[in-house]
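Below, chain A is the first sequence line, B the second, and so on; all start at residue 1. Not measured: the values here are computed from a predicted model.
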Number of protein chains: 2
Amino acid sequence: MSSTAAEVEAVLAALGDPTRRRTFELLAEHGPTTATVLAPMLNISRQAVAKHLVVLADGGLALSERVGRETRYRVVPARLDLVVAWSDRTRALWSRRLDRLGGSDGSR
Amino acid sequence: MSSTAAEVEAVLAALGDPTRRRTFELLAEHGPTTATVLAPMLNISRQAVAKHLVVLADGGLALSERVGRETRYRVVPARLDLVVAWSDRTRALWSRRLDRLGGSDGSR
DNA sequence: GATTTGCGCAACTTAAAAGTTGCGCATGGT
DNA sequence: ACCATGCGCAACTTTTAAGTTGCGCAAATC
């Protein structure tokens, strides 16, 4: 249930690259597509896109499905919850520290 | 108000690196600290930490304050909202597509 | 005022991704 | 059967980020 550190790692690393994030967004807008279709939109080779898609899939942000001779990828938006969860957890670390200080001031 | 693409870029790129994310978390737990203090916790040189802190600051995730001869960094947890906002926006892109399809099925 | 401590600047090395190209194989169309 | 299309594998180049080391300067300490 609670996401492992490795999962968060994979997701944030995947979203760290601009081209890959753009790929993810395109996938979200267009729906299930192939690397061949995405390549011209990103102005990079099909192979480069294919690699990005594998990274996204490794991070659980996308799923691949083989349909005939094409490999269609689709986005898994639920995976973004991991990012949000991590953000909340980190914010919690911070506020917990403030609690220990007992005050209402975060500086100094 | 609405975050620019460049800002989101900077934040996600900053959080993409494991060491840098760890630095960010340490900063959240420990409160304002210097690169010198953080270095041994991360098992890397002070300079390496200093660079990470600059990247975090560029992304708005941290703020530096010069106190005497030390440079103290503190976390800006509010900046994590950008990540959450981007996640929401991307999810919206996705569901909007489903709306266009008019159906209740995301596949195909 | 001499020493210690902490930092920034800069040059460098290293390591790892991003991207390219070429090829061979499988699937679909005619 | 033949050709076209789409993909995966693999080797390679290029780019960029991560990390190190050395040095000089400014601020505390004594």
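The interatomic distance linking B/Q47 (CD) with C/dT5 (C1') rounds to 15 Å, in whole Å. Straight-line distance from the CD atom of A/E70 to the C1' atom of C/dT27: 11 Å, rounded to whole Å. One interatomic measurement links the two molecules: CZ of A/R46 to P of C/dC23, which rounds to 14 Å at whole-angstrom precision. Spacing between atom CG of B/L42 and atom C1' of D/dA18 amounts to 13 Å, rounded to whole angstrom units. Protein atom CZ of B/R21 is 16 Å distant from nucleotide atom C1' of D/dA17, rounded to whole Å. The nearest whole Å value for the distance from the CZ atom in A/R72 to the P atom in D/dG6 is 12 Å. Between the CG atom of B/L53 and the P atom of D/dA18 there is a distance of 13 Å, given to the nearest Å. Straight-line distance from the CD1 atom of A/I44 to the P atom of C/dT20: 6 Å, rounded to whole Å.
Nearest to the side-chain atoms of B/R66 among the listed nucleotides D/dG6, D/dG8, C/dG8 stands C/dG8. Taking only side-chain atoms of A/K51, from C-beta outward, the nucleotide of C/dT5, D/dT20, C/dT20 with the closest atom is C/dT20.
A donor atom on one side chain and an acceptor atom on the other are not found under 3.5 Å apart for B/E7 and B/W86.
The shortest distance between the side-chain N/O atoms of A/H52 and the OP1/OP2 oxygens of C/dA17 is not below 4.0 Å. The side chain of B/T19 places an N or O atom within less than 4.0 Å of a non-bridging phosphate oxygen (OP1 or OP2) of D/dG19. At the phosphate of C/dG6, neither OP1 nor OP2 sits under 4.0 Å from any side-chain N or O atom of B/T71. Of the side-chain N and O atoms in B/S45, one or more sit less than 4.0 angstrom from OP1 or OP2 of D/dT20. OP1 or OP2 of C/dG8 has not a single side-chain nitrogen or oxygen of B/R69 nearer than 4.0 Å.
Where B/A48 and A/T34 meet DNA chain D, the nucleotide closest to each residue was compared, and A/T34 sits on the side nearer the 5' end. Each of A/V55 and A/G68 was matched to the nucleotide of DNA chain C holding its nearest heavy atom; the match closer to the 5' end belongs to A/V55.
Taken together through direct or relayed side-chain contacts under 4.5 Å among Ile, Leu, Val, Met, Phe, Trp and Tyr, B/L27 and B/L42 form part of one hydrophobic cluster.
At least one donor-acceptor pair under 3.5 Å links the side chain of B/R20 to the backbone N or O of B/A13.
The two residues B/H30 and A/R97 have their closest heavy-atom pair at C-CD, 3.4 Å.
In this structure, CG on A/L38 lies 6.5 Å from OG1 on A/T23, to the nearest 0.5 angstrom.
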